[in-house]
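Just so we're on the same page: letters track the sequence lines, and every chain starts at 1.
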Number of protein chains: 2
Amino acid sequence: MINDALEAKTNAVQRRERGVDRILQILEFLQRRGEGIRIGALANALNAPRSSTYTLVNDLTEAGLLEISQEDSRIFFGKRIYLYGLSYIHENSLAKRARMEVDRLARETGETSEFCVLHNGRYTLMHMCVGNRPFRISSAVGVQIPLPWTASGRLLLAGRSRKEIVELIPPEDFVLPDGRRIEINDFLEAIEKARHDGYCLTKGLVDTVAQCLAAPIYDAVGLVEATICLVLPIDLSEGQTGMLRDRLLASSRALSSR
Amino acid sequence: MINDALEAKTNAVQRRERGVDRILQILEFLQRRGEGIRIGALANALNAPRSSTYTLVNDLTEAGLLEISQEDSRIFFGKRIYLYGLSYIHENSLAKRARMEVDRLARETGETSEFCVLHNGRYTLMHMCVGNRPFRISSAVGVQIPLPWTASGRLLLAGRSRKEIVELIPPEDFVLPDGRRIEINDFLEAIEKARHDGYCLTKGLVDTVAQCLAAPIYDAVGLVEATICLVLPIDLSEGQTGMLRDRLLASSRALSSR
DNA sequence: GACAGTTGTCTCGTATATAGTACAATTATT
DNA sequence: AATAATTGTACTATATACGAGACAACTGTC
């Protein structure tokens with residue numbers, strides 16, 4: 001046992017890895033870490049050889065995807081990758097349409113509307129257009145929220161098996177910020193209902209004074225690939241929510257394939 | 001001549017290229033193009049072999065940096081690269097501080113403020129916080145504007161030789177949207193003045209009813225690596241602009257490396 | 001002031017990723 | 001319907017990018 005470990009440590013000839021894969025690892029690691037890291041530490045963290053890590057990071061830096069802080073030589077994402085990101089939101093065929101639709105929705109209804117996707121097992125806010133209510137939602141583009149906390153989360157999971165869902169969501173994601181616990185069975189039922197209804201309404205989950213009205217965006221094969229969603233004050237009349245729902249569903253249909 | 005060309009075409013054994021470099025080419029090409037492209041066309045455009053282009057694009061797609069439209073199989077930037085981009089603006093050591101400072105500046109002065117860098121020979125708007133004036137500037141994060149059109153452009157070029165500047169800026173960039181032409185010599189003088197003053201004020205260039213007040217952010221070796229800038233209505237009093245300038249310069253100093 | 005740890009650069013042999021080619025399946029074009 | 005062009009996948013050989021290791025220049029630590 002101990003011998004194996006030692007042997008593994010000394011003799012281990014590291015599998016040769018493509019630069020391409022290493023780059024993807026670097027970028028992903030850098031995001032997950034959430035702050036700059038020096039090259040040596042990066043190589044350790046990925047247990048990649050220092051030599052090739054240097055060349056790759058230098059290449060990426062030269063290309064502008066990474067930047068190295070001059071004072072403490074930590075690595076960060078660079079300008080260029082930011083601009084590529086903006087290209088996603090402006091040009092990606094789905095994102096572009098969704099963004100325009102969300103802006104229109106917010107303009108017409110006056111309510112905060114959002115475009116969300118499933119990313120890394122969480123609800124992820126990709127675009128938001130704030131409404132003109134005096135009360136403001138404290139959300140920001142890029143935030144990632146546990147699926148059970150959101151209406152969109154229920155739709156994004158629609159059609160998946162119980163097993164898949166349970167595997168995808170870490171247990172702690174069933175506990176709301178204020179400590180309340182969401183029962184898995186209730187959650188699964190809500191997903192089923194959302195799937196059947198073609199939309200989902202949740203009240204006072206993340207924020208106790210807000211309700212969320214979400215609708216699916218279906219891809220070409222009929223799966224929910226994203227959602228649009230309205231963030232509303234909790235005290236609207238039946239009639240008001242009904243009208244908003246119809247308006248939202250119109251957008252949902254406009255964005256879905258055929 | 002013709003023979004050479006023919007021979008080059010038939011016999012040319014393409015230099016083997018690293019996947020890493022190819023990826024950088026792909027991303028850059030995709031942004032410059034500004035819309036989706038199919039893999040075959042991409043390989044042509046880069047004159048890269050189809051086979052390796054396929055593997056690379058597939059790798060990037062699997063990683064989430066690219067997405068392939070299901071209906072017409074065109075390639076776009078993917079979600080993941082958007083989130084990486086957001087990491088730049090939130091975590092990159094300069095961008096993070098600049099962003100916070102710009103927000104503070106806008107809050108305190110009530111004026112629209114911006115964080116800009118030099119990218120691909122153009123002024124590039126990286127972050128903006130709109131003020132509370134009734135009149136709104138129609139600018140958006142990511143826009144790239146010819147350097148001569150902006151106050152920030154003058155500062156970003158400060159310290160460079162005439163030769164460098166002329167080479168960097170394409171001739172058409174000296175013509176404003178409304179047809180007015182900026183004389184190179186006036187421009188060079190303005191750069192020199194900006195460098196000397198440590199800030200730059202331009203009136204009515206891109207927009208005839210706006211003036212821009214820009215200040216440099218110096219890097220560790222004393223070069224202007226970015227600027228912050230206020231977008232103001234053109235009819236402010238001397239006293240008002242003076243106060244705003246002082247406030248702006250305080251931010252500029254706070255962001256610069258000693 | 002000696003010692004350990006880290007950083008950035010370089011050189012070298014070999015495992016392997018890339019260019020090339022081929023092929024069936026689509027899609028466009030005539 | 002026949003022809004042409006394109007797409008996506010698979011298969012090899014060989015040019016080369018990667019891992020390993022060595023080195024000097026710093027940086028901190030006791």
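- Per the geometry, CZ belonging to B:Arg74 stands 14 Å off P belonging to D:dG8, to the nearest Å.
- Atom CG of B:Asp59 is separated from atom P of D:dT9 by 12 Å (rounded to the nearest Å).
- Every residue was checked against the salt bridge (charged side-chain N to carboxylate O under 4.0 Å, His left out) condition with A:Arg107, not counting sequence neighbours, and none meets it.
- In this structure, the CD1 atom of B:Ile23 is 12 Å from the C1' atom of C:dA17, given to the nearest Å.
- Applying the side chain to side chain contact (heavy atoms under 4.5 Å, CB included) test to B:Glu35 and every residue at least two apart in sequence or in another chain returns B:Arg33, B:Arg74.
- Counting distance only, with no hydrogens placed and no angle test, the side-chain atoms of B:Arg16 and the base atoms of C:dA17 include a donor-acceptor pair under 3.5 Å.
- Rounding to whole angstrom units, CG of residue B:Leu56 and C1' of C:dA17 are separated by 10 Å.
- D:dC18 atom P lies 17 Å from atom CG of A:Asn47, rounded to whole Å.
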What's touching nucleotides 4-12 of chain C from the protein side, N or O pairs under 3.5 Å?
from  : atom 1 : to      : atom 2 : distance (Å)
C:dG8 : OP2    : A:Tyr54 : OH     : 2.8
C:dG8 : N7     : A:Arg50 : NH1    : 3.2
C:dG8 : N7     : A:Arg50 : NH2    : 3.4
C:dG8 : O6     : A:Arg50 : NH2    : 2.8

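- Side-chain N/O atoms of A:Arg18 include one lying less than 4.0 angstrom from OP1 or OP2 on C:dT18.
- Applying the salt bridge (Lys or Arg N to Asp or Glu O under 4.0 Å) test to pairs two or more places apart or on separate chains, those with a residue in residues 77-94 of chain B are A:Glu28-B:Arg80, B:Glu67-B:Lys79.
- Counting only residues at least two apart or on different chains, the salt bridge (Lys or Arg N to Asp or Glu O under 4.0 Å) pairs with a member in residues 115-124 of chain A are A:Arg122-A:Asp173.
- Comment: A:Arg18 engages B:Asp59 in a salt bridge, judged by a side-chain N to carboxylate O separation of less than 4.0 angstrom.
- Among residues two or more places apart in sequence or in another chain, the side chain to side chain donor-acceptor pair (under 3.5 Å) test is passed with B:Thr124 by none.
- Whole-Å rounding puts the A:Asp72 CG to D:dG28 P distance at 12 Å.
- A:Ile26 places its CD1 atom 13 Å from the C1' atom of D:dC18, with the value rounded to the nearest Å.
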